> 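I have a structure I would like to understand better, so I am pasting it below and will then ask my questions one at a time.
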Amino acid sequence: MRTSQYLLSTLKETPASAEVISHQLMLRAGLVRNVASGLYTWLPTGLRVLKKVENIVREEMERAGVIEISMPMVQPADLWAESGRIDDYGPELLRLKDRHNRDFVLGPTHEEVITKLVSNEISSYKQLPLNLFQIQTKFRDEIRPRFGVMRSREFLMKDAYSFHLDDECLDRTYKMMFDAYCRIFDRLGLNYRPVLADSGSIGGAKSHEFHVLADSGEDDIAFSDASDFAANVEKAEALAPSGSRPDATQALSTVETPNVKTINELAEFLKVDVKTTVKTLLVLGKETEGQTQPIIALVLRGDHQINNIKAEHLDQIATPLTFATDEQVVAAASCNIGSIGPVNLSIPVIVDRSAAHLSDFVCGANSNDQHFTGVNWDRDCTDYTVEDIRNVVEGDPSPCGQGNIVIKRGIEVGHIFQLGGKYAEAMKCGVLTESGKNKLLTMGCYGIGVSRIVAAAIEQNHDKYGIKWPKAIAPFQVAIVPMNMHKSARVKETAQTLYTQLQQAGIEVIFDDRKERPGVMFADHELMGTPVLLIIGERNLDEQKIEVKNRITGEKSLMLISDVMSLFKD
RNA sequence: CGGUGAUUAGCGCAGCUUGGUAGCGCACUUGGUUUGGGUCCAAGGGGUCGCAAGUUCGAAUCUUGCAUCACCGACCA
């Protein structure tokens, strides 16, 4: 490719809208352009990278025996009604009507469509297991699109779905896909970790996420400092404190706490450690027919935070987790938020394991501007249940039993699930078994965020000059950078000869034939992250040499022109 | 959804307080100059000042409404 016939679109200045480094560099290097919030055009250089990632994913899927198909992005809402997700998925599901006023959705994922397909196409156990994938544009109406293509509304995703007669077979495929994912991220040259995960709205049992480690990541990952345990904080179990609860030593007493609203104000006001206080959150419970929606109290140690996912998994709690309104709080606790406590509450009380381990603690007194001190479970408050409802924090014992928790940020680039029977049941997807009986299938699903990987790769591979692409996904393998080609016939001739040779050898080469100063060319190619620069100038041509610069290591060396092609022999 | 801020040329910004018909840097065009790390000089082109209404002789500037974008929050007990 000659730059004079290409759309470089590099920028000197960073657009103000870009927050994270990958977004800034993707704009500056001319990879993407914003069209609207969360919607991007991929420019030629960006598309080259995207296609490389896509092809690696495709190759590894095919190597693993997964078969490619393509499903429509627009899906009938009926299918989503059949699975029940039309109500569960929430406002991220973009709904639309066609000219006949029929309801459709823009597909954020394709479980419904593929389950319907397989249900129609497969009728015998002999056709199983079946594993299908597609690489396709998805749409999720994100609450807050940000960080460029890292969290955009429209994005490219590889999604695969497997169908099995039984869970052992599913488990074998799951492990096989796990390995295939590791191969993909290895080939992409990324520093990543598989971590235990929650399966979210897609549903199901076993689940792993693949995270690229980066400070700009949006997920907290809990690692053990003594084993290879890794889990999303959403999922990481907070163990009950070891040992038995200390005995009560104080009597329950009421203290006036005027204008104390937050837990930190409370600890400050009473001069106590936040860890000896509890906070009580009032949330909506699950609705039962004919009854008003119940209010549930969740009790946490003052320094801990509620884990929405864990709370939502409890049978009594409504999904999504919703906090009670001010009116509901007054009705349930006869005080305002800020003074709620578990003592003498007439609503169900769920206590986190760590809060349940406290004795002589401080809590709201369910009366404005008053708190209790010296509170003790079973003596002052008897009707409660204990659950794990908080986020783990650094220093907690690891749930694997070895070491303590360390928390790092990660970018979720892959997610595999064992779905089980959820969709097969809803969509009546079954086959005849050997004994001639109909049996519902069990499923797995496996996603990779192709466009997000491009951003994640930049987060991990850049310097002050620009992007440093891993070789496998660089838009070009080599750039030819001639010094003042328009002034020197032999520079021009050497550059053109090398360009032709590289092209004929099938190497992706970009030939900078612009009439630009050297500094401009260097800056552009370093910004775009081409791994190898071939610098051709009068300076070295007398010795039949050119300069070779490695973008990743920064190393420069002189090389005989006749040896250059050997650099690209694999 | 809540809070905050922004919206003036392709990009980054100034001008607004104190109303008088728009400017700087980069980019772009032309000519010259320079040529191994974002040259320098000169001359140009390019703007419904986010949209709508209002106040005024006159609005980028003041008022009101709306839209879009961004950031923060949605963990408050």
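Keep in mind that what you see is a predicted model, and the values were worked out from it rather than measured. Chain identifiers are assigned alphabetically (A, B, ...) following the order of the sequence lines, protein sequences preceding nucleic acid strands; residue numbering begins at 1 within each chain.
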> Side chains of H371(A) and S339(A): is there a donor and an acceptor less than 3.5 Å apart?
no
> Verify the distance criterion only: is there a donor paired with an acceptor across the side chains of T45(A) and Y6(A) at less than 3.5 Å?
yes
> Nearest of G37(B), C71(B), U34(B) to any side-chain atom of R146(A)?
C71(B)
> With both distances under 3.5 Å as the test, what is the Watson-Crick or G-U wobble partner of U63(B)?
A53(B)
> Taking atom types as modelled, find out whether R551(A) and T530(A) have a side-chain donor-acceptor pair closer than 3.5 angstrom.
no
> Of the options U35(B), G38(B), A77(B), whose atoms approach the side-chain atoms of T262(A) most closely?
A77(B)
> Of the candidate nucleotides G36(B), U35(B), G38(B), which contains the atom at the shortest distance from the side chain of A523(A)?
G38(B)
> Tell me the interatomic distance from D524(A), atom CG, to G38(B), atom P, rounded to whole angstroms.
13 Å
> Do D396(A) and N404(A) get their side chains close enough for a donor-acceptor pair, meaning under 3.5 Å?
no
> When the C1' atoms of G36(B) and G31(B) are considered, how many whole Å apart are they?
26 Å
> Please determine, for U34(B), whether a Watson-Crick or G-U wobble partner exists with both distances under 3.5 Å, and give it or none.
none
> Should G12(B) form a Watson-Crick or G-U wobble pair with both distances under 3.5 Å, which nucleotide is its partner?
C24(B)
> With sugar-phosphate meaning primed atoms plus P, OP1 and OP2, does G537(A) contact a base, only sugar-phosphate, or nothing at under 4.0 Å between heavy atoms?
base
> Can a side-chain donor-acceptor contact be found between Y499(A) and D513(A) if the only test is distance below 3.5 angstrom?
no
> Quick one: L534(A) CG to G36(B) P, roughly how many Å, whole number?
19 Å
> For T280(A), answer base if it contacts any base atom (sugar-phosphate contacts may also be present), sugar-phosphate if it contacts only those atoms, and nothing otherwise; contact means non-hydrogen atoms under 4.0 Å.
base
> When the P atoms of U61(B) and C69(B) are considered, how many whole Å apart are they?
23 Å
> Which word best sums up how the rings of H23(A) and Y40(A) line up, parallel for under 30°, tilted for 30 to 60°, or perpendicular for over 60°?
perpendicular
> Send over the distance from E265(A) CD to A77(B) P, rounded to a whole Å.
9 Å
> From C-beta outward on S17(A), which listed nucleotide comes closest to its side chain: A77(B), A70(B), U35(B)?
A70(B)
> Any side-chain donor-acceptor pair under 3.5 Å between Q370(A) and T254(A)?
no
> What is the distance, rounded to the nearest whole Å, between atom NZ of K515(A) and atom C1' of G31(B)?
11 Å
> Report the base-pairing partner of C71(B) (Watson-Crick or G-U wobble, both distances below 3.5 angstrom), or none.
G3(B)
> In whole Å, measure the gap between the P atoms of A43(B) and U35(B) for me.
24 Å
> Tabulate protein N/O versus nucleotide N/O from nucleotides 43-47 of chain B, keeping only pairs under 3.5 Å, one per line.
none

> Please list, for nucleotides 4-11 of chain B, all pairs of protein and nucleotide N/O atoms separated by less than 3.5 Å.
from: C11(B); atom 1: O2; to: E13(A); atom 2: OE1; distance (Å): 3.1

> When rounded to the nearest Å, what value does the distance between C1' atoms of C76(B) and G2(B) take?
13 Å
> With a non-hydrogen cut-off below 4.0 angstrom, is K549(A) in contact with a base, only sugar-phosphate, or nothing?
base
> Say you pick atom P in G10(B) and the same atom in G47(B); how far apart are they, in whole Å?
8 Å
> Report the nucleotide, chosen from C26(B), G36(B), U35(B), that has the shortest atom-to-atom distance to any side-chain atom of K12(A).
C26(B)
> Write down the partner of U29(B) under the Watson-Crick or G-U wobble criteria, each distance required to be under 3.5 Å.
A43(B)
> Regarding E555(A) and N550(A), do their side chains bring together a donor and an acceptor under 3.5 Å, going by distance alone?
no
> Starting the side chain at C-beta, find the nucleotide from G36(B), U39(B), A74(B) nearest to I143(A).
A74(B)
> What is the distance from CZ of R514(A) to P of G37(B), rounded to the nearest Å?
16 Å
> Return the value, rounded to whole Å, for the distance between atom CD of E19(A) and atom C1' of C69(B).
13 Å
> With sugar-phosphate meaning primed atoms plus P, OP1 and OP2, does L266(A) contact a base, only sugar-phosphate, or nothing at under 4.0 Å between heavy atoms?
nothing
> With distance as the sole criterion, is a donor-acceptor pair present between the side chains of E459(A) and S22(A) under 3.5 Å?
yes
> Indicate whether the side chain of H525(A) and that of D512(A) have a donor and an acceptor atom separated by less than 3.5 Å.
yes
> Would you say G36(B) has OP1 or OP2 under 4.0 Å from some side-chain N or O of R539(A)?
no
> Check whether the side chain of E547(A) and the base of G36(B) form a donor-acceptor pair under 3.5 Å.
yes
> Nearest whole Å is fine: how far is C71(B) C1' from R151(A) CZ?
16 Å
> If you measure only the distance, is there a donor-acceptor pair under 3.5 Å linking the side chains of T10(A) and D524(A)?
yes
> Could you tell me how far G46(B) sits from G32(B) if I compare only their C1' atoms? Round to whole Å.
23 Å
> For atom C1', what is the distance between C41(B) and C51(B), given to the nearest Å?
42 Å
> Would you call the rings of Y89(A) and W80(A) parallel, tilted or perpendicular, where under 30° means parallel and over 60° means perpendicular?
perpendicular
> Give me the distance, rounded to whole Å, that separates G25(B) from C66(B) when you measure between the P atoms they each carry.
39 Å
> Please give, in whole Å, the distance from C69(B) C1' to Y40(A) OH?
11 Å
